[in-house]
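Scroll down for the structure; my scribbles are underneath it.
Convention: sequence-line order gives letters A, B, ...; per-chain numbering from 1. Being a predicted model, the structure only gives us computed values, none of them experimental.
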Protein chains: 2
Amino acid sequence: MNIQFKKGVLEICVLSVLAYKDCYGYELVNEISKRIDISEGTIYPLLHRLKDEGYVTTYLQESAGGAPRKYYRLTDSGRKEEHERKEEWMRFAASVNALLERKNDAAE
Amino acid sequence: MNIQFKKGVLEICVLSVLAYKDCYGYELVNEISKRIDISEGTIYPLLHRLKDEGYVTTYLQESAGGAPRKYYRLTDSGRKEEHERKEEWMRFAASVNALLERKNDAAE
DNA sequence: GTAGGTATCTTGTGATACAAGATACCGTGT
DNA sequence: ACACGGTATCTTGTATCACAAGATACCTAC
């Protein structure tokens, strides 16, 4: 999979999954990896960015056999951001598809 | 427009336009900008990469009033690459859309 | 106490888009 | 001759982000 494609997109994917349910980092990797490869070295810096920007809050919870889990929950601001970025992605993808399908606006 | 989204995608857009007709750099900027913002500082390094990789060849042609134009033409290898990357993009976009639309494979 | 699974986090590297500006060619007006 | 504006190409420095690899730590089972 082309690494470059993911730039900026993984952040939306994380926001989108979190809009569905609270998750901890490791869980997000597994959840998103069903569709798109993502590694741990990517998810943690990304989650820290989202927290710094106020889009998520965190809380710790014990786990059965293993280190405690840090859950991430969307804030209201994060929910709004998720909505906006999803729309932005949809518009972008539509533009690219239009270009790739040679709908070049009657280019001479 | 989110700059990050474009990473890797602009290269396909260029290949795709060139599959339709030969273009010079300045023309490609205008052509692609109808749908997606792209600047000159992006297109020229990108075109040099494509040439280094053997996906395009170039030829000079005079222009009516201005510097001579360097046209870019897809090679056979470039045509093949255009096809493959387009498919890769389509698959990727479909995966992202599936994730964003919460088709989370019955996640518990 | 050591091995293995779960989980978080950090560091260094590579790819690429962009702004800003340098360079150059040409026609027109003076 | 010379300056100007439009066309066109190219370079440099900066920022962002994903990743591999590894460090850290917690817990259970042996």
Among [options], which nucleotide has an atom closest to any side-chain atom of [X]?
X	options	answer
A:K6	D:dT9, C:dA7, D:dC19	D:dC19
B:H48	C:dA7, D:dT16, D:dT11	D:dT11
A:Q4	C:dA17, C:dT16, C:dT8	C:dT16
A:T42	D:dC19, D:dC10, C:dT8	D:dC19
B:P45	D:dC19, D:dT11, C:dA7	D:dT11
A:K7	C:dC9, D:dA8, C:dA15	C:dA15

### Query
Within the structure, does a side-chain N or O atom of A:S39 lie under 4.0 Å from either OP1 or OP2 of D:dA18?
no
### Task
Check whether any side-chain N or O of B:Y24 sits under 4.0 Å from OP1 or OP2 of D:dA8, and answer yes or no.
yes
### Query
Does B:N30 or A:G8 map to a spot on DNA chain D nearer the 5' end, using the closest nucleotide for each?
B:N30
### Toward the 5' end of DNA chain D, by each residue's nearest nucleotide, A:P68 or A:L46
A:L46
### Message
Side chains of B:R49 and B:Y55, heavy atoms from C-beta outward: is any pair under 4.5 Å?
### Response
no
Quick one: [X] [atom1] to [N] [atom2], roughly how many Å, whole number?
X	N	atom1	atom2	value
A:E40	D:dA20	CD	P	10 Å
B:Y26	C:dC26	OH	C1'	14 Å
A:I38	D:dA20	CD1	P	11 Å
A:L60	C:dC9	CG	P	9 Å
B:I3	C:dA15	CD1	C1'	15 Å
A:R49	D:dA15	CZ	P	16 Å
B:F5	D:dC17	CZ	P	11 Å
B:R69	D:dC10	CZ	C1'	17 Å

### Query
Relative to the ring of A:Y71, is the ring of A:Y59 parallel (under 30°), tilted (30 to 60°) or perpendicular (over 60°)?
parallel
### Task
Identify whether any heavy atom of B:N2 sits under 4.0 Å from a base atom; if not, whether one sits that close to sugar-phosphate; answer base, sugar-phosphate or nothing.
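Contact class for B:N2: none.
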### Task
For A:G25, report the nucleic acid contact type (base, sugar-phosphate, nothing); a contact means any heavy atom under 4.0 Å.
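It contacts sugar-phosphate atoms only.
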### Query
Where the side chain of A:E88 meets the backbone of B:N2, is there a donor-acceptor pair that is under 3.5 Å apart?
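The answer is yes, because a donor-acceptor pair under 3.5 Å joins these two groups.
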### Task
For B:D52, look at atom CG and say whether over 12 heavy atoms of other residues, nucleotides or ligands are found less than 6.0 Å away.
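Yes, the 6.0 Å shell around CG holds more than 12 heavy atoms from other groups.
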### Task
Please determine if B:R69 and B:E27 form a salt bridge, counting it only when a charged side-chain N lies under 4.0 Å from a carboxylate O.
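The answer is no: the pair does not qualify as a salt bridge.
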